[in-house]
Amino acid sequence: MNTTLIRNGLLVEADRSWKADLLIQGEKIARIETVIDVKDLPPDTDVVEAEGLCVMPGLIDAHTHYHLVSRGTVTADSFAEGSKLASFGGVTTVVDFADHDKKRVLVESTNERIEAMEHGMAIDFALHQGVYGMHGGIEEELAAMVERGVTTIKIFTTYKNVGYLIEMEGLKELFEACKRHKIMVSAHCEDDTLIEEVGKNHKGGHTPADHALLRPSEAEYRAIRYLGTLAKEVGIPLYVVHLSSSRGLDAVRELRSEGVRVAVETTPHYLLLDASRLQGPNGPLYVMTPPLRYPEDNRVLQDALVAGEVQVVATDHCAFTREQKLASDDCRTIFPGIPGTEEMLPLIHTFAVASSRMSLSDLVRVLSTEPAKLFGLYPEKGSLEVGTDADLVLFDPEKDWVMGADSVHSAANYTPYEGFSVAGKAEMTYLRGHLIMGDDVYVGKPGMGKFLKAKTSSTYEV
Ligand code: URP
Ligand code: ZN
Ligand code: ZN
């Protein structure tokens with residue numbers, strides 16, 4: 001059994017940080033003590049000096065689309081490539097999506113995705129199951145999905161053109177079935193009716209910059225209000241994915257004041273990038289849905305994150321190559337989505353922790369512990385508890401570097417954060433006791449990632 005002693009690091013959990021030694025045996029955290037004497041350990045123990053480094057639970061990117069087949073193409077990062085770039089960002093678990101093939105029962109879609117991912121993933125993964133339509137008998141399908149280990153569904157209130165939009169009729173029945181099976185509903189919130197109306201009245205063209213006008217933040221507000229009100233009526237929690245705007249946050253605040261349990265995720269791009277990026281020849285590289293908003297939205301979302309109103313930062317990593325992105329300059333046909341898993345830790349550390357707005361523990365909370373709890377993976381993931389999986393990131397908070405296409409690993413071959421000066425870098429990443437990245441070298445193996453059967457989301461614990 002492999003034994004690794006990580007010495008003198010600053011251990012960081014969501015509620016405390018302290019100097020200690022941590023011992024890995026096999027795949028688990030075996031001991032944490034102020035000092036662990038190497039003399040008491042097997043002679044072949046690997047000793048890692050972590051003085052000056054933070055030792056954090058492996059990060060969870062709770063929103064990725066690796067190998068997404070959609071719109072007649074496939075995203076740039078395969079499962080193997082996604083795992084690789086994730087390890088460079090200290091990410092050891094992702095929660096990806098299974099599409100809903102309406103011609104088959106749900107669990108077949110779930111199983112197909114699990115099998116495909118098991119072959120390629122070098123980090124662990126859980127799943128959200130897409131539900132793109134309702135029909136009688138779906139409750140049994142949902143029950144089978146939960147049995148298989150998927151306890152979140154994903155619905156969309158938009159994207160009619162690609163078949164994701166869920167009809168509003170039947171939604172109440174779906175929510176009621178989710179309540180009976182303690183399934184968390186996560187939702188992409190943009191009101192399609194408003195988007196269609198705005199589209200009809202739009203006088204301009206369809207450049208990347210028009211994307212922000214054609215999908216206004218009011219659409220996010222309306223969809224969150226609508227779904228939140230229904231969630232309240234049925235008595236279930238709601239998870240809002242990729243909150244993008246100040247107006248969307250208004251809806252969350254209103255619902256919470258009415259007693260609705262709303263968990264919120266935002267992304268590095270909605271915190272740090274704005275719609276001015278959509279101007280010029282590289283505009284297509286910044287097209288995603290919902291669109292980038294305005295500097296005021298960035299500020300409001302940053303404040304909300306710092307104030308604890310946002311529970312999760314995840315990336316919505318949906319990478320296309322420069323060639324794929326630049327193949328169209330019409331915002332209706334540019335493939336939507338950008339990379340981000342690898343950039344997440346340094347970006348959030350820089351804007352929030354290096355600026356003293358959040359603590360290292362807060363960082364661990366939003367990037368690891370809360371997603372683990374919300375997606376039923378805690379404490380095996382998201383904690384440093386003895387006996388749990390030794391998923392660890394050894395992070396150097398003092399390392400200054402500049403993000404650029406050459407310094408990141410996505411097959412997209414660009415980063416939306418080109419030229420960003422950041423503080424902090426993952427130096428070593430361990431998955432269940434195995435080193436998968438060290439000193440800028442990837443040593444993971446496709447297929448070593450495991451599917452994680454999720455327990456009930458913490459949002460059901462009231
Ligand atoms: O543009 C985006 N966000 N692409 C990925 C799919 C989604 O809506 O999350
Ligand atoms: Zn979405
Ligand atoms: Zn997404």
Side-chain angles (χ1 to χ4, degrees), residues 60-77 82 86 94-100 113 125-132 152-166 184-192 195 208 210-212 214-215 217 219-220 223-224 227 238-245 248 263-271 273 275 277-278 283-293 312-321 324-325 327-328 330-341 343-344 371 375 410 412 414 416:
I60 298 174
D61 186 350
H63 189 155
T64 60
H65 302 274
Y66 297 155
H67 190 82
L68 171 68
V69 181
S70 177
R71 299 173 170 86
T73 191
V74 60
T75 50
D77 290 313
V94 294
V95 192
D96 206 276
F97 293 85
D99 263 323
H100 180 193
R113 189 72 174 169
F125 64 98
L127 279 182
H128 312 285
Q129 174 62 58
V131 175
Y132 306 155
T152 325
I153 60 161
K154 167 80 178 286
I155 61 170
F156 292 84
T157 62
T158 187
Y159 288 152
K160 201 184 279 172
N161 57 333
V162 277
Y164 294 172
L165 171 75
I166 190 154
M184 182 157 73
V185 175
S186 73
H188 173 130
C189 297
E190 286 184 289
D191 184 88
D192 212 56
I195 289 170
D210 287 297
H211 187 54
L214 287 161
R215 305 185 79 97
S217 56
E220 183 166 67
I224 296 174
L227 293 183
L238 180 70
Y239 182 89
V240 175
V241 305
H242 53 44
L243 185 76
S244 66
S245 67
V264 172
E265 162 198 297
T266 193
T267 67
H269 48 277
Y270 298 126
L271 291 164
L273 301 176
R277 302 264 169 183
L278 295 165
L285 300 182
Y286 295 89
V287 167
M288 83 293 291
T289 310
L292 292 174
R293 309 292 187 188
V312 172
V313 176
T315 68
D316 195 10
H317 182 105
C318 187
F320 295 97
T321 61
Q324 282 173 303
K325 292 294 274 187
S328 166
D330 182 325
C331 64
R332 293 165 296 184
T333 50
I334 295 165
F335 297 125
I338 60 170
T341 303
E343 293 94 330
M344 175 170 76
F375 296 108
S410 168
Y414 79 97

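Atoms within each ligand, like the ligands themselves, are counted from 1 in listed order.
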Practice prompt. Please find the N/O/S atom of D316 nearest to the Zn ion (ligand 3) and write down its name.
Written response: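 Looking only at N, O and S atoms of D316, the one nearest the Zn ion (ligand 3) is named OD1.
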Closest protein heavy atom (residue, atom, distance) for [atom]:
atom: atom 6 (C) of ligand 1; value: H65 NE2, 3.6 Å
atom: atom 9 (O) of ligand 1; value: D316 OD1, 3.2 Å
atom: atom 8 (O) of ligand 1; value: Y159 OH, 2.7 Å
atom: atom 4 (N) of ligand 1; value: P336 O, 3.2 Å
atom: atom 1 (O) of ligand 1; value: T289 N, 2.8 Å

Which of the atoms in ligand 1, numbered in the order shown and given with their element, are less than 4.0 Å from a heavy-atom of [X]?
X: C318; answer: 4 (N), 5 (C)
X: M288; answer: 1 (O)
X: H242; answer: 8 (O), 9 (O)

Main-chain N/O of [Y] paired with [X] side-chain donor or acceptor, under 3.5 Å:
X: E220; Y: S245; value: yes
X: T158; Y: D191; value: no
X: H63; Y: T315; value: no
X: K325; Y: V287; value: yes

Discussion item. If the cut-off is 2.8 Å, does any N/O/S atom of C318 fall short of it from the Zn ion (ligand 3)?
Written reply: no
Worksheet item: Would H269 and Y286 count as a close aromatic pair, with their ring centres under 6.0 Å?
Response: no
Worksheet item: Strictly under 6.0 Å, is that where the ring centroids of Y239 and F375 end up?
Response: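 So the answer is yes for these two rings.
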Worksheet item: Can you find a side-chain donor-acceptor pair between D316 and H65 that sits under 3.5 Å?
Response: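 Indeed, the side chains of D316 and H65 share at least one donor-acceptor pair under 3.5 Å.
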Worksheet item: Can a cation-pi geometry be assigned to R113 and F125, taking NZ or CZ under 6.0 Å from the six-membered ring centre and within 45° of the ring axis?
Response: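 So R113 doesn't make the cation-pi contact.
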Discussion item. Please give the atom name: the N, O or S atom of H188 nearest to the Zn ion (ligand 2).
Written reply: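 Atom name returned: ND1.
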